[in-house]
Amino acid sequence: WLSASYNVTTILGVAIAVLTYHKTKQSQAISNHFSNVDLFKNYTSEEISKSEWLSIASFDLMVWYLKIYPESKLGNMQCSSEYIENINALAKCISDSNDGTYNQKKLGYQFSTHQKSVNKIYRSLGIKIKETNRLSFYEIEGEILNLIDKVNKTFPNLQKFTKFPTRSYK
């Protein structure tokens, strides 16, 4: 009888240790999530404040962060494939505008088409830019691309994905 109670006690002890380990792991993942969110928000806000054309009010930094790291609350700090697809789509919009190609047709640079295309991608990242005139938009777009590039090099370390084409349109 005494031997059986020792076995039960040992099994319960191991079960409690496993449960404690999982709870500690979950707690650490949440703690790391909040720490990384704060770091991201502080860094990005500081970079935005240096800009002549950008305003923090145009950015939902939580949307952007969760687009990069959708599973960070679970401890997964892997950059999402959806975010990489957005960055590649943005680069393609720039290339298409440089070439003047839209829907596989050579039309020359179409400012309103370009603006709508990139704004759609920006919105998916939590960036809201009002429609504006061509020259202002060109300046705003340049600063957004620069900011995205800085964020990508600092957080998900996407240096190979952030080489946006040089914009030849205006």
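When a residue number appears, it is its place in the shown sequence, counting from 1.
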Can you tell me how far apart [atom1] ([X]) and [atom2] ([Y]) are? Round to the nearest 0.5 Å.
| X | Y | atom1 | atom2 | value |
| --- | --- | --- | --- | --- |
| Phe34 | Leu39 | CZ | CG | 15.0 Å |
| Ile140 | Leu135 | CD1 | CG | 11.0 Å |
| Ile68 | Ile84 | CD1 | CD1 | 10.5 Å |
| Leu145 | Asn152 | CG | CG | 10.5 Å |
| Phe111 | Glu131 | CZ | CD | 8.0 Å |
| Phe164 | Ile144 | CZ | CD1 | 10.5 Å |

| query | Who passes side chain to side chain contact (heavy atoms under 4.5 Å, CB included) against Ser45, sequence neighbours left out? | reply |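 Side chain to side chain contact (heavy atoms under 4.5 Å, CB included) check on Ser45 returns Ile56, Leu61.
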| query | In chain order, what residues pass the side chain to side chain contact (heavy atoms under 4.5 Å, CB included) check against Pro70, with sequence neighbours excluded? | reply | Ser80
| task | Look at atom CD of Glu139 and say whether more than 12 heavy atoms of other residues, nucleotides or ligands are closer to it than 6.0 Å. | result | yes
Could you tell me which residues satisfy side chain to side chain donor-acceptor pair (under 3.5 Å) with [X], sequence neighbours excluded, listed by chain and number?
| X | answer |
| --- | --- |
| Arg123 | none |
| Asn76 | Glu71 |
| Gln115 | none |
| Lys50 | Glu47 |

Can you pull the salt bridge (charged side-chain N to carboxylate O under 4.0 Å, His left out) pairs that have at least one residue in [range], sequence neighbours excluded?
| range | value |
| --- | --- |
| residues 72-85 | Lys67-Glu82 |
| residues 55-66 | none |
| residues 108-118 | none |

| field | Hydrophobic cluster identity match, Val63 and Tyr83, side-chain contacts under 4.5 Å | value |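 No, because Val63 and Tyr83 fall into different hydrophobic clusters, even though each may have its own neighbours under 4.5 Å.
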| query | Do Ile30 and Leu66 share a hydrophobic cluster (ILVMFWY, side-chain heavy atoms under 4.5 Å, transitive)? | reply |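 Not linked; separate clusters.
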Over all atoms of both residues, closest heavy-atom pair of [X] and [Y]:
| X | Y | value |
| --- | --- | --- |
| Met77 | Tyr69 | O-CE2, 3.2 Å |
| Asn98 | Thr166 | ND2-O, 2.8 Å |
| Ala91 | Pro165 | O-CG, 3.6 Å |
| Ile121 | Cys93 | CD1-SG, 3.8 Å |
| Lys170 | Tyr109 | O-CE2, 3.5 Å |
| Ile129 | Tyr122 | CG1-CD1, 4.2 Å |

| message | Any side-chain to backbone donor/acceptor pair from Arg167 onto Tyr138? Under 3.5 Å, distance only. | response |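 Between the backbone of Tyr138 and the side chain of Arg167 there is a qualifying donor-acceptor contact (under 3.5 Å).
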| message | By the side chain to side chain donor-acceptor pair (under 3.5 Å) test, which pairs, at least two apart or in different chains, include something from residues 30-42? | response |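 Qualifying pairs, neighbours excluded: His33-Ser72.
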| Any residue meeting ring-ring contact (aromatic ring centres under 6.0 Å, His included) with Phe40, in chain and number order, not counting sequence neighbours |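 Result, ring-ring contact (aromatic ring centres under 6.0 Å, His included) vs Phe40: Trp64, Tyr65, Phe155.
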